[in-house]
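Have a look at the structure below, then the notes.
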Number of protein chains: 2
Amino acid sequence: MEELGTTAYVILGMLRRGARNGYEIKSRADVSTRFFWAISYSQIYPELKRLEGAGLIEGEADPAGGRRRQAYTLTAAGEETLHEWLTRDGDFHLELRHEGVLRLFFADALDREEQLELLHSMRAEHERARIELERIEPTARARFDESGDRFPLLTLDMGIAYQGFFIDVCERLERRLTEPQPISGGT
Amino acid sequence: MEELGTTAYVILGMLRRGARNGYEIKSRADVSTRFFWAISYSQIYPELKRLEGAGLIEGEADPAGGRRRQAYTLTAAGEETLHEWLTRDGDFHLELRHEGVLRLFFADALDREEQLELLHSMRAEHERARIELERIEPTARARFDESGDRFPLLTLDMGIAYQGFFIDVCERLERRLTEPQPISGGT
DNA sequence: GCTCACATGTAATCCGTTACATGATTCT
DNA sequence: AGAATCATGTAACGGATTACATGTGAGC
């Protein structure tokens, strides 16, 4: 059997957590895993078929009225595969693409005012992201209270702190650039 | 003229900062921008030709002994394009793919020991990354002292703090999971 | 003589996004 | 009647990685 991509494991994981079809997988991912691993419909539907072909999930027709719908569940093999991934060691995919920091790297080409403007818009972006996460938090907390599953809430709180990290960094830098010329460079 | 991808701006920026050819662009990127925007040779060389075709850079033969080498410089149009990008507003590309946090999201499927193992390996990965950045820091600091350009050093220090953020989060969570069963979920 | 750093490229492939396409049900 | 939500897919494209391919120069 071929190697699975990380996106496949998102699907397996979401099914294990109770999502039943492609639409539900996407809806849930959009308010949770998307902040550290985004997926889209055009990955999900073909992948569901591949996973079924590999015997890791099983789908059955589950029409809602006249609306076509396919309900998937993990097989034992799927459960096992998911567990293997969760406990696998060796390094995992870790990638950041941050155009804001990238611009900041080249910001010596800008004048003071432009530098501040860049920092400000970067901070604003992270503040928007934090607000979005904070809006989700109560729902996540409620789901934790029902299910006892703590990691979705923990990773959400981690995401909020993550945005806070960038917000703080921007704020501090903005202040430093505003203050009268400091002498040294680093922290 | 077609829209430029972010990678094109990395190249323009590196040329502005004094890199002269594809090899130098890559070498410098590998110890700086790579941590928030990775690039590879197979992007650089074709892109250099496209940028030359678009009149944003100019290349001339610059052989080193019998070794073929092409030296590029920014044109006025290239300088302008770079500046436009640095000051552009509207949201920029911001993407994180973190397989560790993703696994953590699904970690309710693991037992306590496996959860701790996951956190530990995640922390180790970020510690490796931090050490790598700390090794680069003196060089970056020296280059700041020579050139007066502060943002490369600032973004490097930011990268070090970034790794520190994840290390702290992991540590705190490890401690929490080790302590006798807490009652509540969130922060 | 060997290895490492310098230097430049192409081809195949993978992964992901965006746009396109369709249709039923529920809510207002 | 119309909009939003539920639900499933395909096609085209773009961006990036990996593997492949080649050759010089400098230092040991």
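A, B, ... follow the sequence lines: proteins, then strands. Residue 1 opens every chain.
- The CZ-P distance, from R34(B) to dA16(D), rounds to 16 Å in whole Å.
- The side chain of R68(A) contributes no N or O atom lying less than 4.0 Å from OP1 or OP2 of dT8(D).
- Straight-line distance from the CZ atom of R50(B) to the C1' atom of dA16(D): 12 Å, rounded to whole Å.
- Here K26(A) pairs with D30(A) in a salt bridge; the nearest charged N to carboxylate O distance falls below 4.0 Å.
- Note on G66(A): only backbone sugar-phosphate atoms sit closer than 4.0 angstrom, heavy atoms only; bases stay farther off.
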Verdict with supporting geometry, F165(A) and F165(B), ring pair (Phe, Tyr, Trp, His ring centres under 6.0 Å) = CA-CA 7 Å; F165(A) 167 80; F165(B) 167 80; 5.8 Å; yes
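- In this structure, OH of Y45(B) is placed 13 Å from C1' of dT22(D), rounded to the nearest angstrom.
- Side-chain polar atoms of W85(A) and E99(B) form a donor-acceptor pair below 3.5 angstrom.
- Contact annotation: Q43(B) reaches the phosphate of dT17(D) (side-chain N/O to OP1 or OP2, under 4.0 Å).
- Distance E47(B) CD to dT17(D) C1': 16 Å, rounded to the nearest Å.
- Bracketed by its first and final contacts, the part of DNA chain C lying under 4.0 Å from non-hydrogen atoms of chain A reaches from dG16(C) to dT25(C) in 5' to 3' order.
- At a threshold of 4.0 angstrom between heavy atoms, the contacts of K26(B) with the nucleic acid are absent.
- Residues satisfying the salt bridge (charged side-chain N to carboxylate O under 4.0 Å, His left out) test with R128(A), not counting sequence neighbours, are E125(A).
- Environment of CD in E132(B): crowded, with over 12 heavy atoms of neighbouring residues, nucleotides or ligands closer than 6.0 Å.
- With the nearest nucleotide of DNA chain D identified for both A64(A) and P46(A), A64(A) has the one nearer the 5' end.
- Whole-Å rounding puts the R28(A) CZ to dA7(D) C1' distance at 16 Å.
- Put simply, OH on Y72(A) is 13 Å from P on dA7(D), counting in whole angstrom units.
- Remark: R97(A) is in phosphate contact with dA16(D), judged by side-chain N or O atoms under 4.0 Å from OP1 or OP2.
- Close to dT8(D), at under 4.0 Å from its OP1 or OP2, lies no side-chain N or O of Y23(A).
- Partners of F166(A) by ring pair (Phe, Tyr, Trp, His ring centres under 6.0 Å), not counting sequence neighbours, listed by chain and number: H98(A), H126(A), Y162(A), Y162(B).
- A donor atom on one side chain and an acceptor atom on the other are not found under 3.5 Å apart for Y45(A) and R50(A).
- Residue T7(B) places at least one side-chain N or O closer than 4.0 Å to OP1 or OP2 of dA16(D).
- Regarding contacts with the backbone of dT8(D), a side-chain N or O of N21(A) is found under 4.0 angstrom from either OP1 or OP2.
- If you check dT18(D), dA7(D), dT10(D) against the side chain of S42(B), the one that comes closest is dT18(D).
- Looking at heavy-atom distances under 4.0 Å, Q70(A) makes contact with sugar-phosphate atoms alone, never a base.
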